[in-house]
Every structure is written in C-alpha cells, then in structure tokens.
Amino acid sequence: MKFPILCLLITLTQLTGCAYSNIGRGYSYLDDDNIREALPLFEKAAIEENSKEAAIMASFLYMSDFQVPLNLAKAEEFYLLAEELDGGYYSQIDQYFMPLAKARILIHDDDDENDAEAMKLIRADRYATYAPVLRMLGKAYAFGKGVDQNLAVSARLYERAMEYDGTDYSLISYSWWLSAHPAVEYRRPQYAVQLMEEIVPDYQGEGVRNRSYVFDGYAGALAANGRYGDAIVNQQKAIEYLNQERADYPDFAERLSWYECRLQNYKKNKPWHMTENQTPYVGSAGIDFCVPETVANNQ
C-alpha cells in the first residue's frame, strides 16, 4: 500500500538525520510496501518514545488487513494512545491519518450507529484520490454499511480506486466482490478473472508478499466462471502459501478454515458467494467468510 502523503515525510526524516530512527525506518518500509516490517517499528516508537505520529500509523496499519491480519483491539489501543500524546511537528499525520484510523475502527466495531459517522470522516476532499479510502467507500456502498446500498456507485468507486492505487490491493478487492458478492447483479465473473490474470504472473516467485491472498481471489474468480479444475489448483496454492505465511504471522491461521471451506465448494463444482446474512466487516455478526454449513447450501 503506497501512502502518497508519506513521500514528503520520508524525505524530511532523511534530511533531518532521522531516517534510521524507528519512525524513519517504518516509513522506509512503507515506501517499499512492506507493512509487516513497518508496523513493529511504529509500535516501538509509540510505546517507547511516546510518538503520537507512530501511534496513529500503528492504529491505521492494524486495520489494513492485507499483509497484517486486521486487529480491531490493537487498532483501538494505539488510537487511544495517540489521543493522549502530543502531536509534535507532524500535525499533517494527525490531520490526515487520525480520521482514517478512527473511521476504520468505527465501521468494524459492533455498533452500527457508528457507521454513518465513519463515512462522514472519509468523505473529505483530501481523500478524493487516495485508493484505500476509495476502497472503503466502494465496499460500504456494496453492502450498505453507513450509507444506502448503491451497487453502481460502489463499482465506480472501485474503478477509481484501481486508477489511483500504486499497488494491486484495489484490484484484488474489487475482483473478489465481482466474484463473491451476494447480489447477482453486482457480480461480473468474467471481468473478475480478467483483472486477476493481469497480476497473477507477478506473484509466482518465492518471497513475494500476499501470495495467499492473491491466489484465493483468483480461485474465487475462476470458480465463479465455472472453471472448477483451475479453481481447485489455485485454491490449493493459496492454502500452501498461507501455511508459509503463518510461520511469521500466526494470526493468519483463522483464514485457513475459510480457504479450506472454499476449496470444498470448488470440489463440489460450486462457486463461493457470500450470503445475505453475512458481512465482510470484523466485529459484525456473520463475519465468517466460509463455514461448513454454507458448503452444502451455497449456490
């Protein structure tokens, strides 16, 4: 995930001799799209150096849910710490990322009354070209979370997110919902495969991050097109890569049951679609993306 506002901050840390501080190193890892290495450095700076800037970034990154498993409790912990700490010289971090961290927490907690407030926080003009926010809005409109459901608006937001995203995250997320969204009218499985096949070759090599996430999405798109043999092969790859990633991040283990469950669907020549009573938001009822009961009933 690229953070455009951080380009200036990374330059500043280098000019002021802070490039080798915990915060400076954290930003350097983010510039290389390496959230896994960046997050512990921000945590350390927040706790040991009382850095509000680092606490905000730690909270924000704990809700990214790509390279690091989404952790609502940790995000809240560092958000509350940030509120207690002095902002220092980096007020732009406070102004830009503090609302985003809060919005991500509000939309994933158990209080649906918070959802509209979360949407208001991320509709500011300064986020108009920021892909992570466009993704958040796209998913919110796809599921009516904090806004009235509008599938056409969701699709436009995801297309805009892909346009401005310096990574593959928006493409992967959009492709997944084009394959698995509960509303038939939202699904575009052929387009989903087309999108994924643009990037899959880049994730074949050893040491490439996010391979399990990519191949799980690719398998879902293939199954949505009735290509179950190919879906099985790629879902098995996703499981293999996930088991490798669990060595460093044990919290990813919760995804294993989802991946294996979807594999069972594909072996029964069934695609996997979310049902109307499921939601993709942690902290809300129905978060399980795939449970044994849905294998037999999912159509």
Side-chain angles (χ1 to χ4, degrees), residues 63-66 70 72 75 99-165 169-196 213 216-217 220-221 223-225 258 262 265 270-291 293-294 297-299:
M63 299 298 291
S64 64
D65 198 30
F66 284 103
L70 190 149
L72 181 61
L100 293 186
K102 183 177 182 180
R104 286 184 168 184
I105 291 169
L106 291 178
I107 204 169
H108 284 89
D109 66 15
D110 288 318
D111 188 354
D112 292 339
E113 298 298 320
N114 290 334
D115 297 344
E117 180 184 352
M119 292 299 102
K120 289 179 182 178
L121 287 170
I122 62 176
R123 281 174 167 159
D125 289 344
R126 61 179 174 265
Y127 304 131
T129 60
Y130 188 46
V133 168
L134 295 169
R135 273 200 311 274
M136 287 175 65
L137 287 168
K139 187 162 75 169
Y141 275 101
F143 288 90
K145 186 74 168 172
V147 294
D148 292 333
Q149 186 181 49
N150 190 316
L151 302 182
V153 169
S154 170
R156 289 198 295 270
L157 286 163
Y158 266 116
E159 292 286 350
R160 184 175 174 85
M162 289 193 296
E163 178 183 354
Y164 287 103
D165 202 339
Y169 297 150
S170 295
L171 183 154
I172 297 166
S173 179
Y174 188 32
S175 173
W176 178 250
W177 298 125
L178 291 173
S179 304
H181 194 277
V184 175
E185 58 269 33
Y186 192 81
R187 298 178 206 151
R188 296 172 61 193
Q190 290 182 334
Y191 185 36
V193 167
Q194 177 186 327
L195 290 174
M196 292 304 296
Y213 190 76
D216 177 57
N225 282 274
W258 306 342
R262 288 198 272 270
N265 264 32
K270 294 181 179 181
W272 185 82
H273 301 138
M274 286 193 76
T275 58
E276 292 292 343
N277 66 336
Q278 291 177 308
T279 171
Y281 293 96
V282 168
S284 302
I287 180 58
D288 288 335
F289 285 123
C290 194
V291 293
E293 289 78 6
T294 65
N297 300 323
N298 193 23
Q299 299 295 329

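What you see is a predicted model, and the numbers here were worked out from it, not measured in a lab. FYI, side chains are in, hydrogens and waters are out, and symmetry mates aren't considered; it's all heavy atoms of this structure.
Residues Leu171 and Asp165 are not in side-chain contact: their nearest non-hydrogen atoms beyond the backbone lie 4.5 Å or more apart. Considering only heavy atoms from C-beta on, Pro271 stays 4.5 Å or farther from Arg187 through its side chain. Side-chain atoms of Tyr158 and Lys139, non-hydrogen and from C-beta on, do get closer than 4.5 Å to each other.
Ring-plane geometry between His181 and Trp177 is classed as perpendicular, the angle between the planes exceeding 60 degrees on a 0 to 90 degree scale with a lower cut at 30.
With sequence neighbours excluded, the residues that form a side chain to side chain donor-acceptor pair (under 3.5 Å) with Ser154 are Tyr186. When the side-chain contact (heavy atoms from CB on, under 4.5 Å) test is applied to Glu113, the partners found at least two apart in sequence or on another chain are Asp111. Annotation: side-chain contact (heavy atoms from CB on, under 4.5 Å) contacts of Tyr164 (sequence neighbours excluded): Thr129, Leu134, Arg160. By the side chain to side chain donor-acceptor pair (under 3.5 Å) test, Tyr141 is found to be paired with Arg123, residues two or more places apart in sequence or in another chain being considered. For Glu117, the side chain to side chain donor-acceptor pair (under 3.5 Å) partners two or more places apart in sequence, or in a different chain, are Lys102. In this view, Ala103 and Ala118, Leu121, Ile122, Met136 satisfy the side-chain contact (heavy atoms from CB on, under 4.5 Å) rule, not counting sequence neighbours. Annotation: side chain to side chain donor-acceptor pair (under 3.5 Å) contacts of Gln194 (sequence neighbours excluded): none. With sequence neighbours excluded, the residues forming a side-chain contact (heavy atoms from CB on, under 4.5 Å) with Ala180 are Trp176, Trp272, listed by chain and number.
Taking CD1 from Ile105 and CG from Leu100, the interatomic distance works out to 11.0 Å, rounded to the nearest 0.5 Å. Taking CE of Met162 as the reference point, atom OG of Ser170 lies at 8.0 Å (rounded to 0.5 Å). Atom CG of Asp216 and atom CZ of Arg262 lie 4.0 Å apart (nearest 0.5 Å). Here His273 contributes atom NE2 and Ser179 contributes atom OG; the two are 7.5 Å apart, rounded to the nearest 0.5 Å.
Scanning all heavy atoms of the two residues, the minimum distance from Met196 to Ile172 falls at SD-CA, 4.2 Å. Of all the heavy atoms in Asn225 and Gln190, the pair that sits closest is OD1-CG, 3.3 Å. Here the shortest heavy-atom pairing between Asp112 and Lys145 reads OD1-NZ, 3.5 Å. The minimum heavy-atom distance between Gly146 and Asp115, with the atom names listed, is CA-CB, 3.5 Å. Across every non-hydrogen atom of Leu106 and Asp109, the tightest pair is O-OD1, 2.8 Å. Contact record, Ala192 with Leu178: CB-CB, 3.9 Å, taken as the closest heavy-atom pair.
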